[in-house]
Amino acid sequence: MTPADLARIATEIKDMGPGDLARLMDALGLMLYDAPDDPELRLLAAAAAITFDDRAGLA
């Protein structure tokens, strides 16, 4: 995954509605359970978690 890919994905995550973001968090959690050391999945999960926390006022 290139830096441009990561930037595009981060923007898409920030633009997600609450329902889509919750579904993404669920899916990433399941994928990380199967592949906890995958660096790309970990980056996606971190971006989603930061967005989720920011919207909830936890960040």
Let me confirm one number: the CG-CE distance from L32 to M25, rounded to the nearest 0.5 Å.
10.0 Å

Between CE on residue M16 and OG1 on residue T11, distance to nearest 0.5 Å:
11.5 Å

If you measure from the Lys or Arg side-chain nitrogens to the Asp or Glu carboxylate oxygens, is any gap between R23 and D20 under 4.0 Å?
yes

Nearest 0.5 Å, what's the CD1-CG distance between I13 and L44?
5.5 Å

Looking at side-chain heavy atoms only, is the closest gap between M31 and L28 below 4.5 Å?
yes

What is the distance from atom NZ of K14 to atom CG of L21, rounded to the nearest 0.5 Å?
12.5 Å

Mind checking the CD-OG1 spacing from E12 to T51? Nearest 0.5 Å is all I need.
12.0 Å

Report the residues that fulfil side-chain contact (heavy atoms from CB on, under 4.5 Å) with A35, sequence neighbours left out, ordered by chain and then residue number.
D38, L41

